[in-house]
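Working notes, beginning with the structure itself.
Basis for what follows: all heavy atoms, side chains included, without hydrogens, waters or symmetry-related copies. Read the numbers this way: they start at 1 and go in the same order the structure lists the ligands and their atoms.
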Amino acid sequence: MAAMMRSAPRDREARHEHAPASGARAELTRFTPEDASPEQVISSAERLRTLIEASPDPIFMKDGEGRWLEVNRAGLEVFGLEGVDYQGKSEAELSAFTPFYREALLVCPDTDSVAWDAGKLSRVEENVPRPDGSIRTYDVYKVPLFYPDGRRRGLVVLGRDITDRRRAEEERDRLLEKEQAARAAAERAERRSAFLAETTRILSGTLDYEDTATRLAHLCVPFAADWCAVWTVDGQGGVHLGALAHVDPAREALAKPGSIRVEPDLPGGVSHVVRFGQPLLCPAVPDTTDARLAALGTRDPACEALVRALGLSSYVAVPLIARGRTLGAITLARMPGSSPACAADLTLAEDLGHHAALALANARLYEESQEAIRARDEFLSIASHELRTPCTSLRLGIEALLRHARAGKLDRMPAPLIERLLETSDRQSKHLLHLIDRLLDVSRLEAGHLDLELEEVDLAALTREAAGELREEVARTGGSLVVEAERPVRGMWDRARLRQVVTNLLGNALKYGAGKPVRVRATGDDTQAWLCVEDRGIGIPEDRQAHIFDRFERAVSSRHYGGLGLGLYIVRQIVEAHGGAISLASLPGEGSTFTVTLPKARAAVAARAS
Ligand code: ADP
């Protein structure tokens, strides 16, 4: 620039520029008024030069070929060229003096040519690395100057170090981004807690188990999933689909509650969640049949069409555990096109799982207590009826005798009549005692007090005795009782309790045996004994067999058969206290076979009891 200011012709040429392309170009031409003397021009040019030199911004003047004419100190510093004789040299030549800035220098002609091609001021942002590892950013203006005939005359380059401003802007952007992220997270958290609060409110509005599952599934859609399956544990301990909700109500109808059973032994998916009580995140369901079916806990190929219809690309599944009991699981699924399930979904599902499991546990508890109340009421009515029958007949006998006694006619009563009355009273009082004993046994069992007095007992002899005592009963039913118990079967057992087992099973076989033959067998080997009681009577419906050893369970109507529904319960408790087991095989209308297995040795009893 000094050269340019010292040379008058050049200045004049500058003045001849017409139609300046920018403010910078106008600035450069204004210091040479037509009427200035050469001295004035020189002193004015020097003033300008001093001004440019003092500028903290880098300023470069190049000729039309890109050779450097004038550069201020700030400009030389940009490329580490302080003290170098730069005048008349191009960037390529100058780069030899400053190897570190070679690359930065060689870029300059490229951006210069952009300005030349545009023919007017162009602006570019350039990054120049520094030896200390930092990078300085410059906002660069390039102003091309032309001769009137269009030839290139010179290029003015003005730079401004905007590194600090850029940094401040970047920092501001970063803070802004952070603030936006924090706000979004806070909003998400707010929506989440509102969702969970709503869940608790809605779920606490019902104590019906099925209804709880249905409400839960619908709550999750669409807030937490495109579709949601709630899996619940059924009465047999199996897990099945309790409810399904879908963003598209038409697809919701594709799977009915109870229509899918979770297979407990599948390696992944819902089966895994239920089996191990662990949550699962599947951010991308692999494109295999097994992987798709795992989301429904099944390997039933028919379900693949269902999964496709529901639409599945990712899912989370969490167990529903309350008070240490697994009540089922929830699957929160996303369809293709939705954002995939992520860790945040899993956390939400886990929180939801805690709330929902409690609600389901309460519903289950309520149902169980209702069932217990119903069973108790039924038992009380049956028990009072059962106790009343022998009492009534006992009273009738006693009243007849009392009437005769009060009238002084007792000695005139026929002896066979007195005997019959006394026999009936004796039988009824025994029956009454038997019922009361059963009730006492149950309360003892409930309190956990079934003490066994073990001694050596011959099960075969005991069976023969018990069968003998039931002779009258056999005669009354019109059937027969075949006993196969010739060889001794000895073991360490509680004699009275074992007698109870045999009598109970034989009594039931006669009672429900429809007058057909009953067979009892006592056998054993070195370590075990078996008692098998078989009848060809009414049998037990299949769906009742699993519960027939439970308290108060009856598979017959009390109008046709009396009973408390406690005999088999007590039998099982006694057998199990001995370390044994009881099983049942029965076909309705064809008969029943009860088989008791008992360990012979005391050691086995002790081991099982502990
Ligand atoms: P109870 O006979 O007093 O009702 P139990 O506990 O002895 O009570 O038996 C429970 C139920 O099991 C009976 O009510 C009956 O329905 C069924 N049951 C027991 N033994 C037999 C059998 N041998 N054949 C058919 N049903 C039986």
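- When only non-hydrogen protein atoms are considered, atom 6 (O) of ligand 1 lies nearest to L568 N, 2.8 Å.
- A heavy-atom separation below 4.0 Å is not found between R544 and ligand 1.
- F276 and H272 have tilted rings, their planes meeting at an angle from 30° to 60° on a 0 to 90° scale.
- Counting only residues at least two apart or on different chains, the side-chain hydrogen bond (donor to acceptor under 3.5 Å, both in side chains) pairs with a member in residues 244-264 are H218-E252, D234-R261, D248-R251, E263-T298, E263-R299.
- Residue-ligand proximity: F594 is placed with a non-hydrogen atom under 4.0 Å from ligand 1.
- The closest heavy-atom contact to atom 19 (C) of ligand 1, among the options T593, N508, L566, comes from N508.
- In V556, the parts holding a heavy atom less than 4.0 Å from any atom of ligand 1 are both the side chain and the backbone.
- Looking at E553 next to ligand 1, no N or O pair under 3.5 Å apart turns up.
- Proximity of G537 to ligand 1 is not established, as no heavy-atom distance is less than 4.0 Å.
- Contact detail for L203 and L216: the closest heavy-atom pair is CD2-N, 3.9 Å.
- Atom 13 (C) of ligand 1 has its closest protein heavy atom at Y512 OH, 3.3 Å.
- Here the closest heavy-atom approach between residue A349 and residue V316 is recorded as CB-CG2, 3.9 Å.
- Taking every non-hydrogen atom of K511 and a distance limit under 4.0 Å, the qualifying atoms of ligand 1 come out as 1 (P), 2 (O), 3 (O).
- Of all the heavy atoms of S592, the ones lying under 4.0 Å from any atom of ligand 1 belong exclusively to the side chain.
- Of the protein's heavy atoms, R554 NE, 2.6 Å lies nearest to atom 4 (O) of ligand 1.
- Among all non-hydrogen protein atoms, the one lying nearest atom 16 (O) of ligand 1 is A555 N, 2.8 Å.
- L296 and W231 make their closest contact through O-CH2, 3.5 Å (heavy atoms, listed as atom of the first residue, atom of the second, distance).
- When heavy-atom distances to ligand 1 are checked against a 4.0 Å cut-off, D535 comes that close only through its side chain, counted from C-beta outward.
- Among all non-hydrogen protein atoms, the one lying nearest atom 3 (O) of ligand 1 is L564 N, 3.0 Å.
- In this structure, atom 26 (N) of ligand 1 lies nearest to the protein heavy atom I540 CG1, 3.3 Å.
- For residues 399-414, every residue pair satisfying the salt bridge (Lys or Arg N to Asp or Glu O under 4.0 Å) rule, not counting sequence neighbours, is listed here: R395-E399.
- Any N or O atom pair closer than 3.5 Å counts here, and Y569 shares no such pair with ligand 1.
- Considering L505, L584, N504 in turn, L505 is the only one that fulfils the side-chain contact (heavy atoms from CB on, under 4.5 Å) rule with L568.
- Note on ring orientation: taking the six-membered ring where Trp is involved, the planes of F223 and F195 are parallel (angle under 30°, cut-offs 30° and 60°).
- The N/O atoms of G567, backbone and side chain alike, include one that comes under 3.5 Å of an N/O atom in ligand 1.
- Annotation: E371, atom CD; neighbour count of heavy atoms from other residues, nucleotides and ligands within 6.0 Å is above 12.
- Taking only non-hydrogen atoms, the option from G563, G591, G565 nearest to atom 8 (O) of ligand 1 is G565.
- Taking the six-membered ring for Trp and the full ring otherwise, the centers of Y569 and F549 sit at least 6.0 Å from each other.
- The shortest non-hydrogen separation linking Y315 to G269 is OH-CA, 3.6 Å.
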